[in-house]
Amino acid sequence: MNFQLNKGRISVIIGRMRILLLMLLPIGDTLFATPAIHALRTRYPRARIVAVAYPTNSGILRANPDIDEIVLWPTRQTWGGIRAALGIFARLRHEHFQLAVEFSNYSWWITRLAGISRRTEMDLPRFWWILPGAGKKWRKKHAVEHYADVVRKLGIPVTDMRLRIHTTPEEEEKAEEWLRKHGVAHGEPVIGLHPGG
């Protein structure tokens with residue numbers, strides 16, 4: 001696999017790509033990144049695309065056909081010890097990913113430890129998290145566009161901005177069972193409210 005640097009963009013020339021997505025994000029942001037992931041899959045239909053995600057947001061990606069595999073990042077609730085954590089890096093290095101797409105901010109160190117030399121990340125204004133006036137224009141842009149820009153840096157257009165969430169047959173069966181249990185007839189309109197969402 002060859003990479004060409006052209007005006008600061010990485011262009012991939014032939015072969016089966018191995019792409020790592022760093023998706024250490026809240027649930028909503030994970031959903032906002034799905035148009036960018038779909039554009040990446042459209043550009044590289046034969047690529048192996050692996051996402052690193054938290055157990056809490058992995059459900060958004062679980063049945064997504066644009067992703068081949070999800071590697072769960074250890075959290076306080078799922079911590080399996082230092083050996084298990086080091087095993088994740090060993091596994092990522094073993095895969096020999098050619099590109100890291102860093103949707104989660106400040107995850108460059110994971111890319112580095114995984115031995116991935118090419119990366120694309122979100123452009124963040126300096127001190128945006130601490131200075132009230134920093135990045136005013138950046139803050140007015142929707143998160144879907146910010147995540148799309150990560151992929152656009154690779155020269156890949158992101159034009160279809162539809163959010164993508166897919167369900168498994170097991171999840172659909174559980175939902176049908178829950179509706180039946182609560183007396184909701186098939187085809188009856190259901191309104192879901194998520195206060196604070």
Side-chain angles (χ1 to χ4, degrees), residues 1-54 57-58 60-71 73 88-89 91-126 128-129 135 137-166:
M1 175 64 57
N2 293 325
F3 284 93
Q4 258 184 357
L5 289 177
N6 181 13
K7 295 183 182 176
R9 293 182 177 180
I10 303 167
S11 301
V12 181
I13 316 296
I14 38 182
R16 181 172 160 89
M17 283 282 290
R18 289 183 302 281
I19 302 170
L20 184 68
L21 309 178
L22 292 166
M23 305 288 301
L24 303 176
L25 300 167
I27 291 171
D29 283 73
T30 303
L31 188 60
F32 291 154
T34 56
I37 296 169
H38 183 68
L40 195 64
R41 171 58 76 194
T42 301
R43 175 63 182 84
Y44 300 115
R46 294 180 59 249
R48 173 164 167 72
I49 299 178
V50 176
V52 174
Y54 292 125
N57 69 322
S58 63
I60 298 292
L61 305 171
R62 188 177 300 123
N64 190 322
D66 296 327
I67 295 173
D68 296 304
E69 185 182 352
I70 299 170
V71 174
W73 189 255
I88 291 174
F89 287 109
R91 179 180 174 200
L92 295 179
R93 287 186 74 88
H94 182 73
E95 285 248 16
H96 300 291
F97 290 102
Q98 290 125 334
L99 174 65
V101 180
E102 298 173 5
F103 289 117
S104 43
N105 299 332
Y106 312 114
S107 52
W108 58 268
W109 63 276
I110 299 173
T111 298
R112 185 72 57 84
L113 289 175
I116 307 167
S117 58
R118 302 289 186 237
R119 57 190 278 267
T120 179
E121 64 178 345
M122 187 180 297
D123 287 326
L124 295 171
R126 292 184 68 175
W128 69 274
W129 71 95
K137 184 178 176 184
W138 183 85
R139 291 172 192 270
K140 289 180 181 177
K141 196 172 179 181
H142 197 280
V144 173
E145 284 291 341
H146 286 303
Y147 292 120
D149 285 344
V150 176
V151 169
R152 287 178 181 135
K153 284 180 168 185
L154 302 169
I156 300 170
V158 183
T159 54
D160 184 350
M161 296 310 222
R162 287 177 294 176
L163 305 181
R164 288 168 167 76
I165 188 164
H166 303 270

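Heavy-atom basis, side chains included; hydrogens, waters and symmetry copies ignored.
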When rounded to the nearest 0.5 angstrom, what is the spacing between [atom1] in [X] and [atom2] in [Y]?
{"X": "T111", "Y": "L20", "atom1": "OG1", "atom2": "CG", "answer": "6.5 Å"}
{"X": "Y106", "Y": "M122", "atom1": "OH", "atom2": "CE", "answer": "10.0 Å"}
{"X": "I67", "Y": "R164", "atom1": "CD1", "atom2": "CZ", "answer": "12.0 Å"}

- prompt: Can you tell which of L61, N64, I37 makes a side chain to side chain contact (heavy atoms under 4.5 Å, CB included) with T30?
  reply: L61

- prompt: Which residue, I19, V50, I49, L21, forms the side chain to side chain contact (heavy atoms under 4.5 Å, CB included) with F97?
  reply: V50

Is the shortest heavy-atom distance from the side chain of [X] to the side chain of [Y] under 4.5 Å?
{"X": "R46", "Y": "M17", "result": "no"}
{"X": "I70", "Y": "V52", "result": "no"}
{"X": "R112", "Y": "R119", "result": "no"}
{"X": "I165", "Y": "T34", "result": "no"}
{"X": "L163", "Y": "V144", "result": "yes"}
{"X": "Q98", "Y": "R118", "result": "no"}
{"X": "P65", "Y": "H166", "result": "yes"}

What closest approach, in Å, do [X] and [Y] show between heavy atoms, and which atom pair accounts for it?
{"X": "P157", "Y": "A39", "value": "O-CB, 3.6 Å"}
{"X": "A36", "Y": "A148", "value": "CB-CA, 3.9 Å"}
{"X": "S107", "Y": "S104", "value": "OG-O, 2.8 Å"}

message: Is there a ring pair (Phe, Tyr, Trp, His ring centres under 6.0 Å) between F32 and H142? Walk through the geometry before answering.
response: CA-CA 9 Å; F32 291 154; H142 197 280; 4.9 Å; yes

Salt bridge (Lys or Arg N to Asp or Glu O under 4.0 Å) partners of residues 25-36, not counting sequence neighbours, each pair once: none

Using a 3.5 Å distance criterion without hydrogens, assess whether the side chain of [X] forms a donor-acceptor pair with backbone atoms of [Y].
{"X": "R93", "Y": "L113", "result": "yes"}
{"X": "R43", "Y": "I156", "result": "no"}
{"X": "R162", "Y": "P35", "result": "no"}
{"X": "E102", "Y": "L22", "result": "no"}
{"X": "D66", "Y": "R41", "result": "no"}
{"X": "N57", "Y": "L24", "result": "no"}
{"X": "T120", "Y": "V150", "result": "yes"}

- request: Look at the rings of F89 and W109 and say which category their plane angle falls in: under 30° parallel, 30 to 60° tilted, over 60° perpendicular.
  value: tilted

message: Salt bridge check, E121 against K153: does any charged N sit closer than 4.0 Å to a carboxylate O?
response: no

field: Listed partners of A114 passing side chain to side chain contact (heavy atoms under 4.5 Å, CB included), at least two apart
entry: L92, I116

message: My understanding is that only residues two or more places apart in sequence, or in another chain, count here; which of them pass salt bridge (Lys or Arg N to Asp or Glu O under 4.0 Å) with D149?
response: K141, R152

